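Computed from heavy atoms alone, side chains included, the values below leave out hydrogens, waters and symmetry copies. Note that this is a predicted model, so its numbers are computed, not measured. Proteins come first, then strands; the chains are lettered A, B, ... in the order of their sequence lines, and each starts at number 1.
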Amino acid sequence: MLEKNFHPKEVENRLYQMWEKAGAFRPSDDASKDPYCIVIPPPNVTGRLHMGHALNNALQDCLIRFERMRGKAALWQPGTDHAGIATQMIVERKLMDEEGVRRLDIGREAFLDRVWQWKAESGGMIVDQLRRLGATCDWSRERFTMDEGLSRAVREVFVRLYRDGLIYRDKRLVNWHPDLKTALSDLEVENIEVEGHMWHFGYPIADQNGAPTDQRIVVATTRPETMLGDTAVAVHPDDERYKHLIGSQVRLPLADRLIPIVGDPYADPEQGSGAVKITPAHDFNDFEVGRRHDLPQLSILDEAGRINDAAPEAYHGLDRFEARDRVVADMRAGGFLEKIDPHTHTIPFDEKSKSVVIEPLLTDQWYLNAEKLAQPAIEAVEAGRTQFVPRNWERTYFEWMRNIQPWCISRQLWWGHQIPAWYGPDDHIFVAETEAEALSEAARHYGADTPLIRDPDVLDTWFSSGLWPFSTLGWPDETAELNRFYKTDVLVTAFDIIFFWVARMMMMGLYVMKDVPFHTVYIHALVRDEHGQKMSKTKGNVIDPLELIDEYGADALRFTLLAMAAQGRDIKLAKSRVEGYRNFGTKLWNAARFCEMNECIAQPEFEPGQCQQPINRWMIGEVQTTALNVTEAVEGYRFNDAAGALYRFVWNVFCDWYLELIKPLLNGDEGEAKRETRAAAAYVLDETLKLLHPFMPFLTEEVWQRFGETGHPRSGMLINTSWPKAQTALIDVEARAEMEWVIGLISEIRSVRSEVNIPAAARIPVLLQGADETTRERLERHMDRLKTLARLESIKLTDAPPTGSIQAILEETTVHIPLKDVIDIPTETERLSKEIAKVTTDIDRIDAKLGNEKFVNNAPEHVVETQRERREEAILTRTKLNDALKRLQDAAA
RNA sequence: GGGCGCGUAGCUCAGCUGGUUAGAGCGCCGUCUUGACAUGGCGGAGGUCACAGGUUCAAGUCCUGUCGCGCCCACCA
């Protein structure tokens with residue numbers, strides 16, 4: 001016997017282990033089954049499950065369970081990402097906290113050992129947390145981006161790209177992280193608006209001998225320290241104010257260097273003074289200007305962001321912000337500071353901490369020619385070989401892909417895939433998959449064995465992530481899984497990594513596999529807090545999914561997320577919502593409990609089409625409709641529709657009506673109708689469990705199992721059961737009409753009872769007017785139900801005009817309960833008058849509509865028909881209301 | 001500057017290709033501990049669908065504009 005409530009804690013772990021032990025997560029080997037594959041967005045090994053993961057994985061698990069039940073060989077390929085920077089930082093901090101050593105103190109080898117050690121100890125946390133959510137990943141295939149196999153894939157792709165000329169080494173400005181001392185890609189930089197200043201400097205123009213004159217040219221900057229690296233001043237070639245100065249020179253203060261004034265359209269005459277200082281080594285725009293004019297690139301910062309030897313001695317070793325103050329002070333002292341304006345501008349910060357200011361720095365790095373790789377990736381989406389859901393994200397994708405910049409793929413870190421490049425004594429580059437290969441190439445190149453030095457840098461984490469859809473399936477080997485599951489089916493992710501990841505997978509997949517990595521990209525919402533803020537540790541507004549699981553169970557959390565996963569909108573998560581869906585679980589649990597108590601046991605030979613009772617025929621039809629709706633919704637990635645359909649079906653149809661309506665029967669004598677109803681109820685419950693399983697796997701499986709203990713033994717676990725195929729032939733329109741009539745009648749009687757304040761416990765007789773033959777038959781069939789659910793004592797029929805009415809009930813109840821006692825007559829009179837006025841305006845409006853020829857001629861038949869019916873109904877209601885009003889007034893008098 | 005999206009009940013949000021009387025959860029009011037469920041039942045209040053125009057027989061839904069809000073990209077000497 002089921003307990004009164006479902007206790008997730010006692011069930012979840014047990015069922016999960018049972019599934020896993022039974023191998024339920026492994027795709028079927030049956031070659032006749034269609035393959036279905038999702039690769040998980042690999043969480044960082046350093047990660048803890050946050051709400052975004054919970055949503056992301058609830059969606060994937062829902063799809064995987066759905067497709068598995070639909071008979072596909074479903075593979076959910078799991079794994080984790082080594083997360084270069086994040087992981088390195090965590091281990092560095094740990095080293096410092098526990099042993100007081102820096103990574104440089106112990107050296108690269110030892111440090112990497114520590115990272116691996118750390119990974120072994122605590123890297124599995126996020127994976128366990130995914131299990132708690134109920135994620136049915138095939139854990140036997142779990143991969144890690146730094147595994148030997150995946151690392152081999154990385155090396156091979158790198159070498160291929162290099163040999164195809166798509167990876168190259170270049171010296172240009174990169175986004176430099178002065179704390180971590182590494183380059184970052186454009187995407188890892190976040191521009192944040194801050195209040196700052198604009199300093200205006202007057203640079204003295206030099207005479208023919210290079211000596212400063214009194215004439216000044218004013219430039220402005222938000223980064224005064226960079227003036228130490230200025231190598232020109234630019235003015236617009238057509239700017240009348242400065243045209244004549246092009247070709248002359250400026251005596252740069254402090255640095256005391258002569259720099260040219262050049263004409264370049266980059267200088268905007270409208271902005272500031274119209275003249276702009278050019279610092280090619282510290283500004284992306286200036287870099288371009290410098291290239292055009294062949295200006296020297298004078299880098300004045302070292303890798304830690306301190307002023308280097310290229311600047312005057314007074315500034316050596318100063319941090320960039322100290323240097324800023326110093327430069328401003330010195331400029332002021334020298335009389336070169338014209339003015340300071342307050343100024344809001346955006347400053348590049350590192351995207352992770354949002355606290356370190358990124359410096360453009362001139363360094364040698366490895367680049368990937370993304371423009372070339374983007375071409376086929378753009379075409380694939382244009383041609384629809386990969387589709388975004390919702391569609392509008394394609395615009396975002398195109399926008400970025402069409403303006404894609406070279407991708408800086410090297411990082412000056414230790415944790416990651418070391419770049420397979422070696423340098424000869426003359427810095428000649430040898431790129432090869434192994435050192436041996438590189439050495440033999442070098443021997444060929446130099447004509448003798450030559451020692452090589454390996455490039456110490458590692459690759460951007462996202463490089464290996466880009467290979468994920470095929471590297472996890474075994475590439476570069478031609479594995480059975482690769483053949484079977486690539487391309488994969490759908491990628492599920494949030495929009496914030498479309499650029500980081502989706503775009504890169506598209507490029508890499510097409511380059512390496514010559515096919516898109518997935519046919520669909522489902523972009524889901526971001527989970528925010530109740531105020532719509534992005535959840536973040538610093539804001540302290542994080543809701544921990546694990547806490548919610550502890551409190552309400554994994555099913556409740558999953559259902560909440562799925563029910564709210566409307567397309568394209570952010571999810572503002574409120575706890576009350578989770579609670580509501582937990583209650584939904586309880587409701588279903590108790591419905592099952594009710595079935596169990598009433599011996600509704602699934603009969604293996606039960607034929608849903610053979611039912612005789614209209615109520616059962618109706619209910620079976622409702623299940624079919626729901627199966628149809630849920631299937632279509634999940635197929636279309638409309639998870640909220642699917643969840644909503646299930647919620648309404650279970651609660652508002654199955655529990656509220658069906659179970660209530662069959663109570664008189666179940667409590668009555670044994671007989672064919674009772675037997676049929678028990679079997680039908682059990683059938684409906686089973687179908688419901690199946691439909692709900694991808695959404696609430698634990699509760700449904702538990703009920704499924706428990707019923708197998710007391711009823712007919714189950715042939716298998718719910719997780720492996722076939723998805724209900726909607727049989728539209730089982731939808732009996734007549735039975736539905738009849739039951740809707742019964743439900744409507746009960747609702748009306750209840751509503752009227754309440755309106756006239758009949759105590760809930762009171763049993764009343766009811767007079768129904770205008771009963772025709774069909775109505776009489778129906779009443780006969782459902783008499784018990786009507787009496788029970790509407791608390792009627794008796795039902796009398798008259799031949800007078802139409803159906804159950806306020807008037808009739810008022811009339812009859814007066815027999816038992818004096819009207820005056822239960823009704824406040826003045827209030828009631830007022831209410832009725834208002835009601836009458838309202839109905840009258842309704843009638844007028846409908847009359848106007850029906851009087852409109854265009855409407856009658858053009859609107860679909862059923863719309864016009866509906867309007868006519870409504871008109872008649874309204875007129876009838878008005879008559880009744882008027883009668884009731886008159887009666888009240890009589891009673892008052 | 002370019003792009004995307006949002007504005008519907010007190011709160012959080014659904015509402016697909018225009019078509020009955022605009023829905024849900026939570027909250028609120030009333031009522032009921034009746035043998036599945038108080039994590040519940042039953043009944044109810046609450047909305048000029050941001051605003052202004054337009055298309056249409058018909059607009060929350062389509063178009064234009066206005067106001068307010070959010071996000072992404074780029075730029076800002």
Side-chain angles (χ1 to χ4, degrees), chain A residues 2 4-6 186 191 198-200 219-223 226 233-234 266-268 271-279 283-286 343-346 392-393 395-396 399-400 403 495-496 498-499 526 528 530 532 534 552 556 560 563-564 566-577 579-598 633 636 638 640-641 644 647-648 652 655-656 659-660 663 667 747 750-755 757 759-761 788-789 791 842 849 852-860 862-867 869-870 873-874:
Chain A
L2 297 181
K4 213 166 167 182
N5 287 310
F6 173 62
D186 296 343
N191 293 305
M198 180 80 86
W199 287 270
H200 297 259
V219 296
T221 180
T222 54
R223 294 189 298 154
T226 62
V233 170
Y266 167 67
D268 179 359
Q271 286 269 354
S273 66
V276 54
K277 64 192 271 304
I278 301 297
T279 323
D283 182 282
F284 289 96
N285 288 309
D286 293 6
H343 182 68
T344 33
H345 57 139
T346 52
N392 7 342
W393 291 108
R395 262 177 173 279
T396 308
E399 173 70 16
W400 191 71
N403 298 300
F495 70 84
D496 54 345
I498 289 180
F499 304 146
L526 235 45
R528 296 172 181 276
E530 52 202 318
K534 209 167 167 173
Y552 301 109
T560 308
M564 297 181 81
Q567 296 181 8
R569 252 248 212 148
D570 291 340
I571 297 178
K572 286 179 197 157
L573 191 72
K575 236 179 157 184
S576 59
R577 199 91 195 199
E579 196 177 326
Y581 289 120
R582 187 272 318 267
N583 296 352
F584 171 63
T586 309
K587 188 74 183 173
L588 177 67
W589 178 264
N590 277 287
R593 187 159 174 261
F594 174 82
C595 289
E596 191 185 34
M597 293 170 80
N598 285 284
R638 289 178 285 111
N640 56 325
D641 283 350
Y647 185 95
R648 286 189 299 274
N652 304 123
C655 292
D656 286 354
L659 293 185
E660 293 300 331
K663 271 179 183 174
N667 294 334
S747 299
R750 278 175 176 171
S751 161
V752 173
R753 278 180 65 117
S754 165
E755 270 187 57
N757 296 321
T788 315
L789 270 72
R791 296 200 66 77
D842 272 355
K849 228 177 193 182
N852 185 336
E853 262 179 52
K854 283 180 180 172
F855 172 71
V856 178
N857 294 336
N858 295 323
H862 73 273
V863 176
V864 180
E865 196 48 44
T866 312
Q867 292 299 320
E869 281 169 19
R870 271 181 55 200
E873 227 172 87

Checklist entry - Can the ring centres of Y647(A) and Y581(A) be said to be less than 6.0 Å apart? => result yes

Check the distance between [N]'s [atom2] and [X]'s [atom1] and give it to me in whole angstrom.
X: N598(A); N: A36(B); atom1: CG; atom2: P; result: 7 Å
X: R577(A); N: A24(B); atom1: CZ; atom2: P; result: 12 Å
X: Y647(A); N: G23(B); atom1: OH; atom2: P; result: 17 Å

Next on the checklist: Does this structure show an ion pair linking E596(A) with R593(A), if we count only N-O contacts that are shorter than 4.0 Å?
Outcome noted: no

Identity of whatever pairs with [N] - Watson-Crick or G-U, under 3.5 angstrom:
N: C57(B); value: G19(B)
N: C71(B); value: G3(B)
N: U66(B); value: A50(B)

Which is true for [X] with a 4.0 Å heavy-atom rule: it touches a base, it touches only sugar-phosphate, or it touches nothing?
X: S273(A); value: nothing
X: E869(A); value: nothing
X: C595(A); value: nothing
X: K4(A); value: sugar-phosphate
X: R395(A); value: sugar-phosphate
X: T221(A); value: sugar-phosphate
X: D286(A); value: nothing
X: N5(A); value: base
X: R750(A); value: sugar-phosphate

[X] side-chain N/O to [N] phosphate OP1/OP2 under 4.0 Å:
X: K663(A); N: A36(B); result: yes
X: S576(A); N: C11(B); result: no
X: N583(A); N: C37(B); result: no
X: K587(A); N: G41(B); result: yes

Item to check | Under 3.5 Å donor-acceptor pair, Q867(A) side-chain atoms to A58(B) base atoms | outcome: no

Next on the checklist: Using only modelled atom types and a 3.5 angstrom limit, is any donor from either the side chain of T866(A) or the base of U20(B) paired with an acceptor on the other?
Outcome noted: no

Checklist outcome for this item: Taking for W199(A) and for V856(A) the nucleotide of RNA chain B with the nearest heavy atom, the one nearer the 5' end belongs to V856(A)

Checklist entry - Any donor and acceptor pair, going by atom type alone, linking the side chain of N590(A) with main-chain N or O of N5(A) inside 3.5 Å? => result no

